[in-house]
Enquirer: 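Have a look at this one.
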Amino acid sequence: MNEILPSDYMTSPEYAADPYTPNAELRAKCPVHRIDFPPGAESFLVVDYEQVRAGFTDPRLSKRLDNGPAWFHQRMLENSPVLAYSMVTCDPPEQTRLRRLVSKTLTNQRMEALRPQIQKLTDDLIDAFPESGEVDMRGDFAVPLPLTVICELIGVPLEDRPQFREWAFVLNQSAFVDGEIARRRKAASAAVQEYFDRMMALRRADPRDDLITGIVQAADANGTFTNEELVSTLIFLLIAGHETTSNLIGNGILGLLRNPDQLALLRSDPTLMRSAIEEFLRYEGPVERGTPRFATEDMTVAGTEIPKGSFLLLSVGAADRDPAEFEDPDRLDIIRSPNRHMGFGHGAHFCLGAPLARIEGEIAFETLLRRVPSMELAVAPEELKWMVDTSINHGLEELPVRIEGRRARGER
């Protein structure tokens with residue numbers, strides 16, 4: 001057995017900025033490593049492509065909180081009850097039932113119909129850029145674009161959106177951390193519960209063309225969903241519906257700026273956009289690892305014994321840089337094919353919002369590259385700050401970029 005990794009292995013600024021180098025070193029030794037995270041738990045970090053992909057569909061691994069340690073289940077119920085009943089913390093058939101509740105309203109046809117709205121919002125955000133100067137491409141572009149889209153889709157009024165951005169940020173932080181973060185998660189969870197309880201009552205009395213109405217009507221017609229499940233589903237959609245896409249856009253912009261040959265290639269041939277989006281998801285993906293899975297029986301993974309009840313942490317970021325699956329994995333290649341990345345997960349828990357995220361990404365990059373002909377980092381890459389303790393995500397705190405010659409919408 002390799003040495004147990006310390007509890008701060010995945011929570012340091014250095015790891016947040018570059019999880020790939022240390023995980024490649026781990027992969028060279030063994031695909032699975034014991035880790036003291038959460039502190040004091042029996043946990044294992046999986047870092048190679050084959051085992052991560054298999055882990056997503058292994059029937060011996062469960063997302064149900066009551067299949068993990070009792071203390072962790074209790075912590076989630078105390079600090080984040082609003083997320084303890086979501087589709088991300090259960091298995092089929094419960095997960096299938098909750099997913100179907102959303103899939104009836106979050107259809108591909110509805111997502112495609114949002115293109116004009118997303119295009120206008122993207123242009124509005126770029127209109128607010130200076131013609132030349134510095135822009136925070138995360139705070140001024142990558143975050144407000146998907147956050148506004150998902151809020152409008154769910155039915156969150158304009159005046160409530162700043163508050164939702166704060167709630168989403170707090171609830172997205174690690175559930176493993178105690179102290180002030182746990183206190184803020186508990187307060188945010190209670191506030192969101194109260195908010196959506198009120199909004200669902202309003203939509204029952206006055207239906208609208210939004211997801212709150214759609215979910216309430218589908219749940220009332222079915223009659224088997226609890227209020228906690230409905231609230232958990234809505235807040236999960238809010239968090240998952242913008243954070244992943246924000247990281248996709250922000251990390252993708254950074255990838256292009258650090259690889260000018262790929263930026264020039266994409267500018268010269270916008271038909272490569274869909275392939276580029278898939279490579280952004282692989283190369284500097286928006287999710288570093290999957291949410292915890294628990295072993296429902298004693299099992300062996302790649303020669304490592306995993307006791308029943310243990311945490312398994314599947315490192316998507318490490319898997320998507322595995323040279324056994326991807327040739328020259330540390331190179332950004334927007335025409336990479338095949339590209340079986342796991343940026344949206346795999347199996348039953350594959351990201352429900354993936355079609356919307358891809359549409360938002362395509363429109364965001366196409367419009368940005370067309371309207372902003374010159375971009376460069378405003379700081380040295382090593383000065384960029386990456387988010388730490390954000391549970392599973394991989395993204396920047398801010399992305400300062402100098403631009404020149406912003407074009408008016410419609411100008412080429």
Enquirer: Taking Gln262 for its side chain and Ile334 for its backbone only, find out whether a donor-acceptor pair lies under 3.5 Å.
Expert: yes

Enquirer: Which atoms form the tightest heavy-atom contact between Ser315 and Leu45, and what is the distance?
Expert: CB-CD1, 4.1 Å

Enquirer: Any side-chain to backbone donor/acceptor pair from Thr300 onto Glu305? Under 3.5 Å, distance only.
Expert: no

Enquirer: Do we see a donor-acceptor contact under 3.5 Å between the side chains of Asn67 and Thr296?
Expert: no

Enquirer: What pair of heavy atoms forms the shortest contact from Cys30 to Thr304, and how long is it?
Expert: SG-OG1, 4.1 Å

Enquirer: Do Glu166 and Arg184 meet the salt-bridge criterion of a basic N to acidic O distance under 4.0 Å?
Expert: yes

Enquirer: Locate the shortest heavy-atom distance separating Arg406 from Ile126; write the atom from each residue and the value.
Expert: CD-O, 3.0 Å

Enquirer: I want to check something: taking the side chain as every heavy atom from C-beta on, are Met387 and Arg138 in contact at a cut-off of under 4.5 Å?
Expert: yes

Enquirer: Checking Arg321 against Tyr283: charged group under 6.0 Å from the ring centre and within 45 degrees of the axis?
Expert: yes

Enquirer: Going by an N to O cut-off under 4.0 Å, is there a salt bridge joining Glu112 and Arg358?
Expert: no

Enquirer: For the residue pair Phe72 and Phe311, is the inter-centroid distance of their aromatic rings smaller than 6.0 Å?
Expert: yes

Enquirer: Is Met10 close to Leu5 at the side-chain level, that is, under 4.5 Å between some pair of heavy atoms?
Expert: no

Enquirer: Taking 4.0 angstrom as the limit, do Arg340 and Glu325 come out as a salt bridge?
Expert: yes

Enquirer: Answer yes or no: does atom CD of Glu376 have more than 12 heavy-atom neighbours from other residues, nucleotides or ligands under 6.0 Å?
Expert: yes

Enquirer: Residues two or more places apart in sequence or in another chain: which of them pass salt bridge (charged side-chain N to carboxylate O under 4.0 Å, His left out) with Arg161?
Expert: Glu152

Enquirer: Can you sort out the partners of Ile335 under side chain to side chain contact (heavy atoms under 4.5 Å, CB included), two or more places apart, ordered by chain and number?
Expert: Leu265, Leu272, Asp333

Enquirer: Closer than 4.0 angstrom, basic N to acidic O: yes or no for Lys120 and Asp127?
Expert: no

Enquirer: For Arg208, is there any backbone N or O sitting under 3.5 Å from a side-chain donor or acceptor partner on Thr213?
Expert: yes

Enquirer: Charged N to carboxylate O under 4.0 angstrom, Arg274 versus Glu278?
Expert: no

Enquirer: Nearest 0.5 angstrom please: Leu145 CG to Glu360 CD, how far?
Expert: 5.5 Å

Enquirer: With distance as the sole test, does Thr367 use its side chain to make a donor-acceptor pair with the main-chain N or O of Ile363 at under 3.5 Å?
Expert: yes

Enquirer: Is it true that Glu131 and Arg407 make a salt bridge, defined as a side-chain N closer than 4.0 Å to a carboxylate O?
Expert: no

Enquirer: Can you list the steps and then say if Arg60 with Asp58 is a salt bridge (Lys or Arg N to Asp or Glu O under 4.0 Å)?
Expert: CA-CA 5 Å; Arg60 299 172 298 175; Asp58 193 324; 2.8 Å; yes

Enquirer: About how many Å separate CZ of Arg34 and CD1 of Ile4, when rounded to the nearest 0.5 Å?
Expert: 4.0 Å

Enquirer: Is the distance between the ring centroids of Tyr9 and Tyr15 under 6.0 Å?
Expert: yes

Enquirer: Ring centroid separation for Phe196 and Phe164, is it under 6.0 angstrom?
Expert: yes

Enquirer: Answer yes or no on whether Arg64 is positioned over the face of Phe294, meaning its NZ or CZ is under 6.0 Å from the six-membered ring centre and within 45° of the axis.
Expert: no

Enquirer: Let me confirm one number: the CG-CG distance from Leu125 to Leu121, rounded to the nearest 0.5 Å.
Expert: 4.5 Å

Enquirer: Does Leu377 offer a backbone N or O that forms a donor-acceptor pair with the side chain of Arg258 under 3.5 Å?
Expert: no

Enquirer: Does a side chain donor of either Thr291 or Lys63 reach within less than 3.5 Å of an acceptor in the other side chain?
Expert: yes

Enquirer: If you look at every heavy atom in Asn247 and Pro286, which pair is closest and at what distance?
Expert: ND2-O, 3.3 Å

Enquirer: Assess whether a salt bridge exists between Arg53 and Glu50, defined as any Lys/Arg side-chain N lying under 4.0 Å from an Asp/Glu carboxylate O.
Expert: no

Enquirer: Apply the test side-chain contact (heavy atoms from CB on, under 4.5 Å) to residues Val135 and Leu399: give CA-CA distance (whole Å), side-chain angles for both, the deciding distance (0.1 Å), then the verdict.
Expert: CA-CA 8 Å; Val135 176; Leu399 180 56; over 6 Å; no

Enquirer: Should the pair Lys308-Glu297 be classified as a salt bridge under the 4.0 Å nitrogen-to-oxygen rule?
Expert: no

Enquirer: Would you call the rings of His394 and Trp386 parallel, tilted or perpendicular, taking 30° and 60° as the class edges?
Expert: parallel

Enquirer: In Å and rounded to the nearest 0.5 Å, what is the CG to CG distance from Leu263 to Leu256?
Expert: 5.5 Å

Enquirer: Between Val46 and Leu313, does a side-chain contact (heavy atoms from CB on, under 4.5 Å) hold up when you go through it step by step?
Expert: CA-CA 6 Å; Val46 185; Leu313 308 175; over 6 Å; no

Enquirer: Would a distance-only check, ignoring hydrogens and angles, find a side-chain to backbone donor-acceptor pair under 3.5 Å from Ser246 to His242?
Expert: yes

Enquirer: In terms of side-chain heavy atoms, does Thr11 have a donor or acceptor partner in Asp8 at a distance below 3.5 Å?
Expert: no

Enquirer: Just by distance, do the side chain of Thr233 and the backbone of Glu229 share a donor-acceptor pair under 3.5 Å?
Expert: yes

Enquirer: Less than 4.5 Å apart, side chain to side chain, heavy atoms only: is that true for Ile403 and Met137?
Expert: yes

Enquirer: What is the distance from atom CG of Asp197 to atom CG of Leu230, rounded to the nearest 0.5 Å?
Expert: 9.5 Å

Enquirer: Are Phe326 and Tyr49 close enough that their ring centres sit under 6.0 Å apart?
Expert: yes

Enquirer: Verify side-chain contact (heavy atoms from CB on, under 4.5 Å) between Glu288 and Asn23, making sure each step is shown before the conclusion.
Expert: CA-CA 11 Å; Glu288 202 287 311; Asn23 284 340; 3.7 Å; yes

Enquirer: Is there a side-chain contact between Gln163 and Glu159 (heavy atoms, below 4.5 Å)?
Expert: no

Enquirer: Excluding sequence neighbours, so at least two apart, what forms salt bridge (charged side-chain N to carboxylate O under 4.0 Å, His left out) with Arg336?
Expert: Glu279

Enquirer: Between Ser268 and Ala264, is there a donor-acceptor pair closer than 3.5 Å when you use the side chain of the first and the backbone of the second?
Expert: yes

Enquirer: Is it true that Glu398 and Lys385 have a side-chain N and a carboxylate O under 4.0 angstrom from each other?
Expert: no

Enquirer: Looking at His346 and Gly55, would you say the former's side chain and the latter's main chain have a donor-acceptor pair under 3.5 Å?
Expert: no

Enquirer: Taking the side chain from Asn251 and the backbone from Glu284, do they hold a donor-acceptor pair closer than 3.5 Å?
Expert: yes

Enquirer: Look up atom CG in Leu153 and atom CG in Leu114, then write down how far apart they are to the nearest 0.5 Å.
Expert: 5.5 Å

Enquirer: A side-chain contact here means heavy atoms from C-beta on lying under 4.5 Å apart; do Leu314 and Arg293 qualify?
Expert: yes

Enquirer: So which atom in Pro157 and which in Tyr195 form the shortest heavy-atom distance, rounded to 0.1 Å?
Expert: CD-OH, 3.2 Å

Enquirer: Would you name the heavy atoms of Ala295 and Met299 that are closest together and state the gap between them?
Expert: CB-SD, 3.8 Å

Enquirer: For Asp209, does the CG atom have more than 12 heavy-atom neighbours from other residues, nucleotides or ligands under 6.0 Å away?
Expert: no

Enquirer: When you look at Arg289 and Val52, which way does the side-chain contact (heavy atoms from CB on, under 4.5 Å) test go after all the steps?
Expert: CA-CA 10 Å; Arg289 62 186 179 275; Val52 168; over 6 Å; no

Enquirer: With a 4.5 Å limit on heavy-atom distance, are the side chains of Ile306 and Val32 in contact?
Expert: yes

